[in-house]
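Worksheet for the structure shown next.
Everything numeric in this text was worked out from a predicted model, so none of it was measured. Quick note on labels: first sequence line is chain A, next is B, and so on, each numbered from 1.
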Amino acid sequence: MPWSVALPLPIPAYDFGEPHGFEGPVPVGFRVLVPWQGELRIGIVVGESSAHGHRLRDAVALLEERPWLSAALVDTLCRAARARSVPLGLLFGDFVSAGWDSALDHRVARVAGADLASFGPGVAELNEDFLEARRFDATLLDAVRAQALLVERVQLSPRLEGSYRAVEGQGKLTPKGRAAWEVLRREGPLSSLAEWARRAAVSTSVVSGVVTKGWAQMDQRAAPPPPLPEPQLPPIRPQPHGLPTAAVTRLHGGRPAERHARVAARILEVIRADGDVLYLTPDAASRGRTWRALSGLTESVCYSGELTPAQREHAWELARAGRARLIVGSYAALALPLAHLRLIVLEDEGSDAYKLQGGSRAFVPDLARSLAERSGADLLLTGPVPSAEGLLEPGVVLPAPRARLHVVDYGAPEEAPEVGPLSLPNHQRSRQGWPLSNDLQRALKQVAERGRQAVLLAPRRGYSALLRCSSCGHTPMCRNCDVPLRFHAERRELTCHQCGYHLRPPDLCPACEGPMMQPKGPGTEWIAAEVRRLLPGFPVYRYDREQQDDLSAVYDSRPGVIVATQALLGLEAPPDLALIGLTFADTWLAVSDFRASERYHRLLRQLIEWHPQRAPLMVIQTFQGDHPALRSVYEGKDAGFYLEEELRARKLLAYPPYVRLAQVEVAARDQAKAQQAALEVAQALLGSGAGEREVLGPAPAPVARLRGLYAFNLLLRARDEERLEALLKPLQGRWSARVRVDVNPRDLLNL
DNA sequence: AGCACGCCGACT
DNA sequence: GTCGGCGTGCTC
């Protein structure tokens, strides 16, 4: 019975015959070696194939006795691929982050008595002894394999590490080579040429010369498993969690330490009943915090893409061997094969960081939920604030932590009385000062005087959002995209943040030749310059995707201001943080996405608990000082309060969580062609049973042209998962333009 | 994803 | 006359 095999490529599962002599049921979740484009690759068996006729190649060998993935995970990924019409291989590639290129000991022999003469001289030496496969040309070997004339033995080979040892060689060494050889004899064996060269204070070419002349040898032996992050002791003191009994529950609000203490109790319940726990976090900061709080509870493993391939493989082995009872990790930990998975904890389930970019565009919480169902595990949502989806689950919201907020409302009428509809004493109106309001400037000066630390969040990197000619209004745009070019003052560059196109900023306006090209829309560079002017001599750092200053002084508790984009929030809060400034909070609301205000609310709550103990002053500059999300925070409401309101609106407008959305993007280099294809897609959808209310659009994408492609979007709105899958069916075929589906779309902020 | 095949612009 | 741009198609 042929097997269906997943490979980490953007393709569906492909079929292969069982390896020669295999007997038994289909080994779902096992790694298998399969012929692929003339070579061999590691794939994962996902099921039995309904072999449809054409000649299949046989798989070469199963790699081990135990599955690499749990059956529940394989099922989850297969279903997700079907439901999202995403190639299965993309999901496997995104989620299975170890095991695709393990080292193999691969030996080949010819079938007894086979005549290989017709294959040419390349396999002349192939005989009945098992020789290393790498001695032969892979394509040639595959030709022999295809004729079933090859016998193969495949074993996982242990990770090797090499070390150099001095030996008595023949011939003469150069003086430097001689000296290097002496060093190696005295201090060796050494683990690399580079280290040897460093010890001997010569260049690597000298030491490699010694090796080629035969005066040094490399020994290889099995390497010990690479060290993983150490669990932290002493363990946290658990608090009664107070959670209801249900398959999906939630615990939000409070501070991280309070939540961790309660989650710890829940984890211990599971561990004591011999279950395993998976704790997923969206970023490095929350992962570190969680690891410190919980890793002392039991045998724990910290897992994320930051680990080296060897560490990942080792962590995988630990999980497989039942030696990891609690895994704290990024989304990549979802696929780790825990034998008794009984609880998945999902930290900050509404975080946009869970939306994978590129590849499968999967939304991790969707998969976590599915995996929990299929493994018989409970799901616990936790974090500073529930998602709109999570709010529907039973659970606990802890009282909001103390916050100190000061709103600078640029939008309030100037002549309005100081006490507006919001009678909070710290809610003031001030139009003065841009991009740093007078109030923020005062707070910054205090921080400097007292030698404390501040973080200013800017809406974007670079100096300004654009340059505009103040006489004719011309704005330089990207050649490939419909966006203005961002201005980078230090680099003297106009750059497209979408496609990377860049040019030197013109001295005169390219349209009217006027001299007045002015920056609009401050970015980190501009704001950092303002802070330097305000606080001469006070350390100012920048942290965004392109400019990551060394922040070690700040993390060493020395005074300073960090001007950053959101990128900083993935790191721990500076230890002596006294002030957080949101220089232009409206950025989070400007995104034309129904989740914008939920996202803004999440950001505010996230900032409030960013520092584990303190409540730094938060100065929020905005044109919408009475936005309900902001108001719910400074009125001291708990984290669920605002979302109740948000949910009512979602229900009224038929948005998630009350429906399931998918965005269909149709793109082509030619605008008319893209539009035409988008209309055809809409027709096809309506023609195959989609209702008028289920298909919206097509409409030009918010950025009509990106990287030279014109895009049109359709929005599918289905009552549930099954209906959405049915709606997506007719998109499978071929179209005259590129068609991409994004289930559960979330627009990211383009900084 | 890679990699090969195939058709139109600027040059050794 | 070619080199080489990336569009399209294929991998069991």
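- Here A/P8 lies out of heavy-atom contact (under 4.0 Å) with every strand.
- Regarding A/R57, its CZ atom lies at a distance of 19 Å from the P atom of C/dC10, rounded to whole Å.
- In this structure, A/R738 atom CZ and C/dG9 atom C1' are separated by 16 Å, rounded to whole Å.
- Rounded to an integer number of Å, the gap from A/L7 CG to C/dC10 P is 18 Å.
- Computed from coordinates, the A/W36 CH2 to B/dG2 P distance equals 13 Å when rounded to whole Å.
- A/Q676 and A/E680 share a side-chain donor-acceptor pair at under 3.5 Å.
- Other residues, nucleotides and ligands contribute at most 12 non-hydrogen atoms within 6.0 Å of the CZ atom of A/R153.
- A/I11 places its CD1 atom 8 Å from the C1' atom of C/dC12, with the value rounded to the nearest Å.
- Using modelled atom types and a 3.5 Å distance limit, the side chains of A/E313 and A/S102 yield a donor-acceptor pair.
- Among the nucleotides C/dT11, C/dC12, C/dT8, the one closest to the side chain of A/F16 is C/dC12.
- Of the candidate nucleotides C/dC12, B/dA1, C/dT8, C/dT8 has the atom nearest to the side chain of A/K673.
- A donor atom on one side chain and an acceptor atom on the other are not found under 3.5 Å apart for A/Y354 and A/E349.
- Side-chain proximity of A/Q37 to the nucleotides C/dC12, C/dT11, B/dA1 is greatest for C/dT11.
- To the nearest angstrom, C1' of B/dA1 lies 12 Å from CG of A/D94.
- When the P atom of C/dG9 is taken as reference, atom CG of A/L9 falls 19 Å away, rounded to whole Å.
- Rounded to an integer number of Å, the gap from A/D101 CG to B/dA1 P is 17 Å.
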